[in-house]
J.: 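My questions will all concern the structure given below.
Numbers here are sequence positions counted from 1. When reading the values below, keep in mind they use all heavy atoms of this one structure, side chains included, and skip hydrogens, waters and symmetry mates. Whatever order the structure lists ligands and atoms in, that order sets their numbers, starting from 1.
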Amino acid sequence: MSEERVLIKNGTVINASGRQAADVAICGEKIVSVAQNINPEAKTKVVDASGLLVLPGAIDVHTHFELPFGDFSSADDFYTGTRAAASGGVTTIMDFVTPEKGESLINALVKRKEQASEKVCIDYSLHMGIVDVNAGIINEMKAVVEAGVPSFKVFMTYAFRVIDKEISRILSRAKELDALIMVHAEDHVSLEALRSKFISEGKTDVWHHYLSRPEDVEAKAVREVVELAKATGGKLYIVHLACAEGLKAVEKAQLEGYQIFAETCPQYLNFTRDVYKRADGRNFVCSPPMKGPESKEALWRSIESEPSHCLSVPNVGINTVATDHCPFQTYDKDRGRNDFTKIPNGVMGVENVYPYMLSEANKGRISFERAVELCSTNPAKIFGCLSTKGSIEVNKDADIVLYDPTKDFTISQENMHSNIDYTIWEGVKLKGYPVQTYSRGALIYKDGEFVGDAGHGRFIECTLHSNVEKSPF
Ligand code: URP
Ligand code: ZN
Ligand code: ZN
């Protein structure tokens, strides 16, 4: 392990819990001191952070790198995806293992780690997908938790969906194992009925992607899975929540004291369903789709509420902002030019999420502390890596972002670091931008340039075991 010393001087350190004018001393991979006026030891590299904010790196708990889709795959692999992440201040990503039906979960985990390990430029973890439910899978979940993967993901739609009875079984098992169940919530029966109707009527333009998966389709599934979590006592995490009614159901259950968490994504905070009327609407196709303005406002209301850390009720509402980064090249999206059902689903965001949320903070919509909480601290708490990630504190990994609040930035495909040939964020203006990113003490991004290395990232073993990590809130 390198014992290089770095001293970040004269910045403002922002954690979810507050801010302080302080220097941050790094030795090797760890933060060793956060205090005022630290004197550099011999051979210390001193970084002047005057006028800059010193933030914990973001943790994007929802990416899909190298996701197979028919005969092609999502545009970013673990190298280009984590290169883009680092360039947007993300220092940890969490991606997914998707086992084949009948495949051992542990085998699938080993294979996915092999696929990622030589490419990742930042630390990473994985969630285990569950595509069929049987005694063997339920049994094997324990070994997966012991391998450092305490989060499992199921879909309520798509070909590999699992049905309510099976979700209940998984939630009950998760309770026994101190694990978390992540759910893609859209009601399969209603959306299939709508899709079939539109196809039979020849209504296959992109706007009908939205019309086939409107607010009710998502809200119905969210309400359903919330009830399953309440009945079983299993910990639930709703991924990419995009609708007001779904959020209401989550908030109600949270206020009743259930361990239910919700993630939204920057695309749902910045766009509405109107994007599907644009000429490039296919590029915005993701599921769930962007919704109406009422949903966007409801999500923002929740983001804007500053949770009080002394309240006995949990942090109510949206708990994390992650990306669901899953872009496909324009020519792949074009496969559905005349038929929305053939457009591969997914949009980009891993390089945009932290700059976007921090820019909203810089414009005064939320505090910087809240942006850090949503993008770094809560993800670390909820997914079980708070002992090393999620804040700037002594003994934590030196995963640090220096942020210049005076730097104006206009997002364009040309200044992004992903492998994708467009961005849905083209032309979006940000106030402030990250200028340096450190991953375990190593500088990996500086002034618009990625300067990291493939293979630098490590697999992070997570744990939600109650003896080790206290309940998040
Ligand atoms: O459209 C999306 N979100 N694609 C990625 C897979 C998923 O549903 O999360
Ligand atoms: Zn999903
Ligand atoms: Zn996803």
Side-chain angles (χ1 to χ4, degrees), residues 59-70 72-77 81 85 90 93-99 112 124-131 151-162 167 180-188 191-192 195 206 209-210 212-214 217-219 221-222 225 236-243 246 261-271 273 275-276 281-291 320-329 332-333 335-336 340-350 352-353 379 383 418 420 424:
I59 302 172
D60 184 352
V61 297
H62 190 161
T63 64
H64 297 281
F65 300 145
E66 304 185 33
L67 179 79
F69 186 92
F72 57 105
S73 83
S74 58
D76 276 313
D77 66 11
V90 171
I93 58 103
M94 298 193 187
D95 207 283
F96 296 84
V97 184
T98 312
R112 190 71 167 153
Y124 77 106
S125 190
L126 294 164
H127 313 292
M128 177 58 67
I130 295 199
V131 295
S151 41
F152 297 84
K153 160 96 175 282
V154 296
F155 292 86
M156 295 174 82
T157 186
Y158 300 135
F160 32 81
R161 69 190 172 280
V162 298
I167 297 178
L180 177 73
I181 302 302
M182 307 166 77
V183 176
H184 172 127
E186 285 185 296
D187 186 62
H188 186 71
L191 80 85
E192 277 303 313
R195 266 161 82 102
V206 182
H209 170 67
Y210 163 71
S212 65
R213 312 173 95 104
V217 163
E218 187 184 349
V222 172
V225 74
L236 172 69
Y237 179 93
I238 310 266
V239 295
H240 49 46
L241 188 76
C243 71
F261 308 103
E263 158 198 294
T264 195
C265 311
Q267 56 270 27
Y268 303 118
L269 295 172
N270 196 58
F271 302 104
R273 60 191 171 206
V275 292
Y276 301 115
R282 68 187 177 315
N283 288 345
F284 292 80
V285 166
C286 58
S287 294
M290 306 340 158
K291 300 295 195 329
T320 64
V321 180
T323 65
D324 195 12
H325 181 94
C326 188
F328 292 87
Q329 305 289 10
D332 287 330
K333 289 279 196 188
R335 293 171 186 228
F340 74 86
T341 65
K342 296 198 170 63
I343 303 172
N345 282 210
V347 297
M348 63 285 294
V350 76
N352 312 109
V353 60
F383 288 92
S418 150
I420 184 84
I424 61 166

J.: E186 and H188: side-chain donor and acceptor closer than 3.5 Å?
T.: no

J.: Looking only at heavy atoms, is any part of N345 under 4.0 Å from ligand 1, and if so is it the side chain, the backbone, or both, or is it neither?
T.: both

J.: Hey, which N, O or S atom on H62 ends up closest to the Zn ion (ligand 3)?
T.: NE2

J.: Would you check if the side chain of K333 reaches a backbone N or O of V285 as a donor-acceptor pair within less than 3.5 Å?
T.: yes

J.: Which protein heavy atom lies closest to atom 6 (C) of ligand 1, and at what distance to 0.1 Å?
T.: H64 NE2, 3.6 Å

J.: What atoms of ligand 1 come closer than 4.0 angstrom to any heavy atom of C326?
T.: 5 (C)

J.: Counting only heavy atoms, tell me which of E186, H184, Q267, R213 gets closest to atom 8 (O) of ligand 1.
T.: H184

J.: Look at the rings of Y276 and Y210 and say which category their plane angle falls in: under 30° parallel, 30 to 60° tilted, over 60° perpendicular.
T.: parallel

J.: Please list, in number order, the atoms of ligand 1 under 4.0 Å from a heavy atom of Y158.
T.: 8 (O)

J.: Verify whether one side chain among S151 and H127 offers a donor that lies under 3.5 Å from an acceptor in the other.
T.: yes

J.: In H184, which N, O or S atom comes closest to the Zn ion (ligand 2)?
T.: ND1

J.: With atoms numbered from 1 as shown, which atoms in ligand 1 lie under 4.0 angstrom from a non-hydrogen atom of H62?
T.: 9 (O)

J.: Verify whether one side chain among H325 and D60 offers a donor that lies under 3.5 Å from an acceptor in the other.
T.: no

J.: For atom 9 (O) of ligand 1, which of the options V239, T63, I343, D324 provides the nearest non-hydrogen atom?
T.: D324

J.: For residues H184 and H240, establish whether the separation of their ring centroids is below 6.0 Å.
T.: yes

J.: What are the atoms of ligand 1, with element, lying closer than 4.0 Å to any heavy atom of H240?
T.: 8 (O), 9 (O)

J.: In D324, the N, O or S atom nearest to the Zn ion (ligand 3) is which?
T.: OD1

J.: With a 3.5 Å cut-off and no angle check, do the side chains of T63 and Y124 form a donor-acceptor pair?
T.: no

J.: I'd like to know if the side chain of H64 pairs up with that of D95 as donor and acceptor (distance under 3.5 Å, no hydrogens or angles considered).
T.: no

J.: Does the side chain of R213 come under 3.5 Å of the side chain of S287 through a donor N or O and an acceptor N or O?
T.: yes

J.: Which bit of C286 gets closer than 4.0 Å to ligand 1, counting heavy atoms only: side chain, backbone, both or neither?
T.: both

J.: Is the Zn ion (ligand 3) under 2.8 Å from any N, O or S atom of C326?
T.: no

